[in-house]
There are 2 protein chains.
Amino acid sequence: MKRTKSSVIPSSVVRRLTEYLAYAQTFGNENGDQWVSSREIAQALGLTSSTVRQDLSHIDFCGISKRGYHVKGLRAVLEDTLGANSVWRVAVVGAGNLGMAIAQNDEFRERGFHIIGVFDKDAAKVGRSVGPLKVQHVSAMPDFVSGEGIDIGIVAVPAAAAQGVADLLIASGVRGILNLSLSHIITPRRVQVVEARLTCSLLELSHRIKYARKENK
Amino acid sequence: MKRTKSSVIPSSVVRRLTEYLAYAQTFGNENGDQWVSSREIAQALGLTSSTVRQDLSHIDFCGISKRGYHVKGLRAVLEDTLGANSVWRVAVVGAGNLGMAIAQNDEFRERGFHIIGVFDKDAAKVGRSVGPLKVQHVSAMPDFVSGEGIDIGIVAVPAAAAQGVADLLIASGVRGILNLSLSHIITPRRVQVVEARLTCSLLELSHRIKYARKENK
DNA sequence: CCTTTGCTGTGAAAAGTTTGACACCCGTCA
DNA sequence: TGACGGGTGTCAAACTTTTCACAGCAAAGG
């Protein structure tokens, strides 16, 4: 009922907030008033209702007894908290399979991440079309990033090149980096990094599969 | 010096083990004896040396004083622990941008994840080439999965279709699922799931950017 | 009006994770 | 050889995250 925390939100919580938002977005867009309880959210996402309530206590939004949370309101607050209602200007570096797939993916644009530049080192790839864009050479990136006011850089290059690319992005004024490469990237504190590695996720999965066998018998 | 834990490894640790492996793999393949200390690993990955030592205490591998860890040995043990030395038979469902990019990505094959089937619901996509493969219609998936002994299914379809696809995969005998879709997937305990959502990572990043500003001033 | 019921917000306990501290070990160099 | 320095493995403390338990509120139905 108070809900005036608004201090820093732990990142374990932030990660779940992104899922709550995805869940809230699955409800129709136009409809009138829908309500959802912490128990329902928990069930849909494989959590406990307690965790959900605790998490939501970090944002400035109250549920009401016997009804739960107003879906539309919840969604709006989550979008605000997560910056999903802003427009972010994004550049992708690395026009390999993954980079191209990301650049062409509409899901990001729908959520406010506008990809407006794609870069690669390989001359053979420069000039290729990516939706309405064309792949540019990496050497054009710094000017582009600072000129266009890019907020976020997505690093989709081989591990060995990742830190170099990141340094360029940072020097050009990017505020955050999504690192898809296998190597860890070091940044000054003012530049945020989130790492997302499919290979690591697959390895985690394969470990779990291997291990689950032993456990189940 | 004892190192006979071998009970269950917490998943926070497993996630880092995948990164240690990626790091160990950056060392040349052929060379003789290289050694690395917990401090070096920690520095490269942005952790503390204590965490690294604690994590490595979960696997059956000892460092030695004054030298650190033998890179080749460490790598071998990590590969074993994570199942990265096995060959996994993988099918991708969803031949959109992301699905196609994954199916064509060599990085996975190099690490033992052999993608041997790609499926989509959309008749227009069926028949397209993906490297040496061709996209097949989803209706062919169950027989293919059980016939070919697929271990892992990668779900790269829209959120609304994800659970249905997962259910099919599970019924056909898959042992693990990598879920790239925005919706949470429910599986029986014997089938492992790892979720990897680029959109959520981007949202986490945008939250951090938004918040960092406030903090820094 | 009062009672019941179902759900929230919250404080505190429990569980899990990270960090710190230190005994001990092994190469190196005098 | 002995002492040093730089590393490991491990125990315990500090911190974080999750779960539990419950007071209290809001709707619904007498």
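- DNA chain D forms stems at C:1-30 with D:1-30, each a run of 3 or more consecutive Watson-Crick or G-U wobble pairs whose two key distances fall under 3.5 Å.
- By the salt bridge (Lys or Arg N to Asp or Glu O under 4.0 Å) test, A/Arg89 pairs with A/Glu148, sequence neighbours left out.
- Partners of B/Gln43 according to the side chain to side chain contact (heavy atoms under 4.5 Å, CB included) rule, which considers only residues two or more places apart in sequence or in another chain, are B/Arg39.
- Looking at the side chain of A/Tyr69, the nearest of the listed nucleotides D/dT10, C/dG9, D/dA27 is C/dG9.
- Looking at residues two or more places apart in sequence or on another chain, you find a ring-ring contact (aromatic ring centres under 6.0 Å, His included) between A/Phe119 and A/Phe144.
- Residues satisfying the ring-ring contact (aromatic ring centres under 6.0 Å, His included) test with A/His70, not counting sequence neighbours, are A/Trp35.
- Atom pair B/Gln43:CD and D/dG6:C1' shows a separation of 15 Å (rounding to whole Å applied).
- If you take CD1 of A/Ile64 and P of D/dC25, they are 14 Å apart, rounded to a whole angstrom.
- A/His58 places its NE2 atom 12 Å from the P atom of C/dG11, with the value rounded to the nearest Å.
- Atom CZ of A/Arg39 and atom P of C/dT8 are 8 Å apart (whole Å).
- Note: A/Tyr23 and A/Phe27 have perpendicular aromatic rings, judged against thresholds of 30 and 60 degrees for the angle between ring planes.
- Between the CD atom of A/Glu40 and the C1' atom of C/dT8 there is a distance of 14 Å, given to the nearest Å.
- With sequence neighbours left out, A/Thr187 forms a side chain to side chain donor-acceptor pair (under 3.5 Å) with no residue at all.
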One character per nucleotide, please: for nucleotides 17-24 of chain D, 5' to 3', B when the base has a protein heavy atom closer than 4.0 Å, S when only the sugar-phosphate does, - otherwise. SSBBB--B
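- Look at B/Ser38 and you'll find a side-chain N or O under 4.0 angstrom from OP1 or OP2 of D/dT8.
- The NE2-P distance, from A/His70 to C/dT8, rounds to 15 Å in whole Å.
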Under the criterion salt bridge (charged side-chain N to carboxylate O under 4.0 Å, His left out), I'd like the reasoning laid out for B/Asp151 against A/Lys210: C-alpha separation, chi angles, the key distance, then a yes or no. CA-CA 11 Å; B/Asp151 303 296; A/Lys210 225 178 150 173; over 6 Å; no
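- The CD1-P distance, from B/Ile59 to D/dT10, rounds to 13 Å in whole Å.
- Under the side chain to side chain contact (heavy atoms under 4.5 Å, CB included) criterion, A/Pro158 pairs with no residue at all, not counting sequence neighbours.
- Partners of A/Phe108 by ring-ring contact (aromatic ring centres under 6.0 Å, His included), not counting sequence neighbours: none found.
- One atom, NZ of A/Lys66, and another, C1' of D/dA27, lie 6 Å apart when rounded to the nearest Å.
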